[in-house]
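What follows is a single structure, written as structure tokens, with notes after it.
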Amino acid sequence: MSKITLIIKREYLTRVKKKSFIIMTIIGPILMAALMIVPAWVSQLEDQDNKTIAIIDQTKAVSLAIENTQYLKFERLENKSLDDVKKDFKTSGYYAVLFIPENITSAPSGVQLFSNKQPNLGVKMHISNALEKELESEKLKASGIDENILKAVKTNVNISTFKWTDEGVEEESSTELTMAVGFIAGFMIYLFIFLYGAQVMRGVIEEKTSRIVEVIISSVRPFQLMMGKIVGVAMVGLTQFLLWIILTFVIVTVVQTVFFDINPANIQQEVVAQDLFTGSSSQLSEIQPVMDENASEIQGMLSTLKNIDFAVMIGMFLFYFLGGYLLYSSLFAAIGGAVDNEADTQQFMLPISAPLIVAFIVGQNVVNNPDGAVSFWFSIIPFTSPVVMMIRIPFGVPFWEIALSAVLLVLTFIGTTWLAGKIYRTGILMYGKKITYKELWKWLRYSS
Amino acid sequence: MNLFEAHNVVKKYANHLALDNVSINVPKGSIFGLLGPNGAGKTTLIRIINQITAPDSGDIFFNGEKLKSHHVEQIGYLPEERGLYKKMKVGEQALYLAQLKGLSKKDALKKLKYWFEKFEIQAWWDKKVEELSKGMQQKVQFIVTILHEPKLLIFDEPFSGFDPINTNLLKQEILYLREQGATIIFSTHNMSSVEEVCDNIALINKSKKILDGSVHDIRNQFKGNTLEIQFKGKPNLLEATLTPDYEIVENNFANDITNIKIKLLREIKTNNLISHVLPFGEIISFREMLPSMNDIFIRAVEETNEIDNKKQIL
């Protein structure tokens, strides 16, 4: 086994075996899955207790609009006063008492709901929706407007976006989804560079402060040690990333099938069914505008997902992740080599973090204007391109721009690695010296 | 035959000269003491041998060949500032460092087993380094240094941090390694250990080599023609009879025994001195005084410093 492989192996294994890595790897997907599942779960949470609500309706008419549901029953009490019901409330077994005043049309906030516990939101919404609808239609009637006309007037504009490919094929796309995919990818790169760049730096400092570095570089060249560490940590990052994706997917699938009984295959079937349905009869979609709207939106997203070339996305992600990571982590390694302890890293961290942070801030504007001059330049400059270009890619970037940015990135990381190697080589054997930029400049000019 | 040779090595750092035209020859199978005050340039020379840094000019030969990167596998280096990965397990770490020196995993395991048994530290194998005491860590590091059976061993202050028992153990191991054919470069400030173990030395001061040769020759070279005589009897009578060819350096009388140190001011047979002393009492011991390495070190360094100072004044 070559020496650099040995180093990579050690760097990789010691990190992957660490408790913190294992915990992060497990907690990450749980958090991500929770973000996806919890809202769905909450929305599914339905009250399953049977509740009966007494209604005292002084108008005698409005309350008829409130319909019973599976678990919610309403009883109109014709001859009782509110005080009577309140008095007997404990023994009556009602969940709540609804009071509708006579002048509800003019004073809709006079509706009151009494209960000995806080009535839940679902109940409240059910009642208020029903009353609102009823009152609205009554008001419409009073002013002489036909309800059907109103329905016919209601319009919902939903723009479908299409993207031309070079071959002139039109592809349906969803702007929101494209933005999300690009932004998440860019953000991941930003996060990973910081996270794992810092790990490289800490690793170097550890070797330096524990003084093992001198033993090791009497066996291997400093550059091998530095590169071994950088590559080893990169593999840790990729491993974590891969595990996150797999675990998130597994958790989401398991939770969905177990708790919601939604089979991914079923969803697909449904979508396909909708597809056929909306495609075959266009007049039907007019009759059911709401359904069609949802369907076309989902359809748009799905076809966008289909149209984003995931092989290209993943390939690009890996390229820009590795390129950006190599560029920055070599600089992080140089810092680690130059200082004696982590507290001294501050002054050198700023110039390295700044471009990365700028890239991230620019990235937020890039999603709004992926082809502007700012987007272009920041996706070409190697220090910001890994984040910015990644955000642009789902929107479609001309090949020559990607090629230019990729070549520049590769050249730059070769350059920074070379420079970092020089600083690192001198720095790791230097103790107790206050390191200034002037000093670093001197080190760069040492022969070897 | 020299295992290691350095010819006219020069190494410059930005604002100072670390090595100024230094040449050393380390004979095969010998223990070579690399001596000098702090900051003299010893560490720089050791780093050049380990190819951690390269000299600006000068030639370096290992076993008759120009020093190349593959030679690192035949060199074992124990730096003055020791260190191991604190969070790594002892066995794992020893295995890793051995493999970095080019041993196969199988060989490394076999050898580690031998040495761990020899030093009776098998129980440490699965412990983390940070759980060991400093002395224990040094033992582990010593094993790691010699494990790949290098032709050349470089020990920088090997005894620092060891108790007398372990120092002795280590000394025995070092002498044993020489017996086995290893060549050893030994950098230390502990001059008594130099007298005990070194065959040859080089003394470096202010980036220049100021003295080298075998320990025996150097001590003879520095001897001041001084003799130490112990005899029963009073010294005052002797003093009066000595001719001006002698100078009494030190004169002690205690418990009826005189201990006197006499310097010969010109070439005189020692027998003549004995005949002078004989009438005054029973001679218990008579020996030529060799300067200790400690004295030589101090004298040599101070002499060159004085010369330097004079140069600066001029």
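For the numbers below, each heavy atom of this structure counts, side chains included, while hydrogens, waters and symmetry mates do not. Letters go in sequence order (proteins before strands), and every chain restarts at 1.
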Which of these, His71(B), Lys28(B), Gln74(B), sits in a side chain to side chain donor-acceptor pair (under 3.5 Å) with Asn63(B)?
Lys28(B)
Answer key: most heavy-atom pairs under 4.5 Å with chain A among Met88(B), Glu81(B), Glu73(B) is Glu81(B)
Residue, of Leu97(B), Leu84(B), Val129(B), Thr145(B), that accumulates the most heavy atom pairs under 4.5 Å with chain A:
Leu84(B)
Would you say the side chains of Tyr85(B) and Glu92(B) form a donor-acceptor pair under 3.5 Å?
no
Do the ring planes of Phe317(A) and Phe241(A) sit parallel (below 30°), tilted (30 to 60°) or perpendicular (above 60°)?
parallel
Assert yes or no for the condition that the ring centre distance of Phe62(B) to Phe4(B) is strictly below 6.0 Å.
no
With chain B, which of Ile216(A), Val220(A), Val213(A) has the greatest number of heavy-atom pairs at distances under 4.5 Å?
Ile216(A)
Under 4.5 Å heavy-atom distance to chain B, tell me which part of Thr14(A) shows up: side chain, backbone, both or neither.
side chain
Counting only non-hydrogen atoms closer than 4.5 Å, does Lys17(A) touch chain B with its backbone (N, CA, C, O), its side chain (CB onward), both, or neither?
side chain
Would you call Lys42(B) and Asp156(B) a salt bridge, taking side-chain N to carboxylate O under 4.0 Å as the test?
no
For Glu80(B), is it the side chain, the backbone, both, or neither that has a heavy atom closer than 4.5 Å to a heavy atom of chain A?
neither
